[in-house]
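This report refers to the structure that appears directly beneath it.
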Amino acid sequence: MGTAGASWWRDAVVYQVYIRSFADANGDGVGDIAGIRSRLDYLRDLGVDALWINPWYPSPMADGGYDVADYRAVEPVFGTADEAAAMIEEAHARGLRVILDIVPNHTSDRHAWFQAALASPPGSRERARYWFRPGSGPGGAEPPNDWQSVFGGPAWTRVPDGEWYLHLFDSSQPDLNWDNEEVRAEFEDVLRFWFDRGVDGFRIDVANGLVKQPDLPDLGPHDEEGLLLPPSRPDHPHWDRDGVHEIYRGWRRVADSYPEPPVFVAEAWSPSPERLALYLRPDELHTAFNFDYLRAPWDADALRKVIDESLATVAAVGAPATWVLSNHDVARHVSRLGRPLTPGAYSLAHLPPVDTLDRDLGTRRARAAALLMLALPGSAYVYQGDELGLWEVEDLPDEVRQDPTWERSGHTEVGRDGCRVPLPWSGSRAPFGFSPDGASAAPWLPQPADFASVTVQAEEGDPGSMLNLYRNALRLRREHPALGGGEITWLPAGPDVLAFSRGHGFACVVNLSQAPVPLPDGSRLLLASGPLDGELLPADTAAWLTV
Ligand code: NOJ
């Protein structure tokens, strides 16, 4: 791809491909690279700029591929290295950049390094790449400290010779020791491996977790409620430690050594926008997911506050803002926005029960939320299926659940499978074109019968569909000089209404109140998330206007 778009990432719309659930070309019930290749025209026509593909490396899939056994190869279930190379080339030929996912906090227990560590004695060089420690208490029978796994239960597992190893996630995901020079060198080499193969960037998994306080002190009483909540205290012994920044300065040097430097996006759940901005200093990472935005309730004041804070904090370090509504770790936003407001809640475990869900309301708000997000300055993320208006599948049978959270929480938290159900492409029955006709296996998670109404095929034929809303919005976003990068100026608006201009006569108005509101005098409609009520903008509706 040319160098003309060297800052393409500053206002790119990035489509997240959760590969297992995107498109299955060989009929084994699991999405694959051939499936992505067969749908590249769909992604180009949707109007996105880049793809972020969740981990596609060899993996036992204990955590959906975030348990990597080999960072320089492709999982055979997903395809081959040659197919990966062809996919990258074909994406580029369509003007689509390709971002991969790197998982530096932990490996799989099947990774050669961990296998070597298990086969080596305490104190060995092989064990030094991970966090092996003697236990506490009589006979070392207790874990070395009180840290908990994000998926539930203790963050330590004991090996036969009596030592314990640290895993902030599943026991099959041992944490690497980033104080170890071999670990640092290895990952810089992995980056080069993929950059040399034309990859345009990396999403960094658990970017805020790599560095641990080497004494591994107890956490003591704390109020973290699981996975992705930001650390609840300063100087946390394993989240967001200052030492991570040196690692990313090194990674940036690697990226900047390429003629068209690849880019990074951090998954860093941070305690404050200011702490997050530290990752985005000019010699560190390019962008980071804005989880404060994802977690903001459907409330005008809350959204305005998070938008202002996000823009101000990234501007201070010269980075662009990013916006995201859903991903493979959170309940889909149709199902979040259709429930009574619960500020900050993003997982089923913390949302009100399903009988409070009004899916039509959630869909209306999701449409408005899409127009709001795509009108903001910076880069935006679309999780596969957002553009179809998919909802969280909340009634998966227990026996099909695969998220390690389900087992590790003792079946108290269902986890994240409900947002990972394979995409419906066409037809009126499962597998809805996800797998080819005559497939040898059913999709790895069952699709609900009512996905029939939200297939790509059904939505293509319906001018009022979510898919056509996204296509229209993304086309306008490309064409309109006001959209993409730039500033916003808030316009006077009634209570519970967000209104802002982006220059060039462009304005966005979002009605979060319960009643219709007038549009600005003399404005002309470019695009609305739902039908207008005469001259009025109905509740839970957004409009793009020329003013
Ligand atoms: C964040 C990823 O998005 C999630 O899916 C994974 O379980 C954890 N990191 C651990 O790698």
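Read the numbers this way: they start at 1 and go in the same order the structure lists the ligands and their atoms. Fair warning: this is a prediction, and the values are worked out from it, not measured in the lab.
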With A73 via side chain to side chain contact (heavy atoms under 4.5 Å, CB included) - residues at least two apart: P58, D70
Run down the list V206, D205, N327 and name the one with the heavy atom closest to atom 11 (O) of ligand 1. D205
Enumerate the atoms of ligand 1 whose separation from the nearest heavy atom of [X] is less than 4.0 angstrom.
X	result
R420	5 (O)
R416	4 (C), 5 (O), 6 (C), 7 (O)
H328	2 (C), 3 (O), 4 (C), 5 (O)
F169	8 (C), 10 (C)
H106	10 (C), 11 (O)

Of R339, R332, R336, which is the lone residue that meets salt bridge (Lys or Arg N to Asp or Glu O under 4.0 Å) with E394?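 Going through R339, R332, R336 one by one, the salt bridge (Lys or Arg N to Asp or Glu O under 4.0 Å) with E394 is satisfied by R339 alone.
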Show me, pair by pair, the donor-acceptor contacts under 3.5 angstrom made by side chains of residues 108-119, not counting sequence neighbours?
{"from": "S108", "atom 1": "OG", "to": "R110", "atom 2": "N", "distance (Å)": "2.8"}
{"from": "H111", "atom 1": "ND1", "to": "W113", "atom 2": "N", "distance (Å)": "3.0"}
{"from": "Q115", "atom 1": "NE2", "to": "D109", "atom 2": "O", "distance (Å)": "2.7"}

salt_bridge([X], [Y]) N-O dist < 4.0 Å:
X	Y	value
D283	R252	no
R129	D175	no
E188	R184	no

Checking contacts here: is it the side chain or the backbone of F289 that comes within 4.0 Å of ligand 1, counting heavy atoms only? Could be both or neither.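 It is neither part, as no heavy atom is under 4.0 Å.
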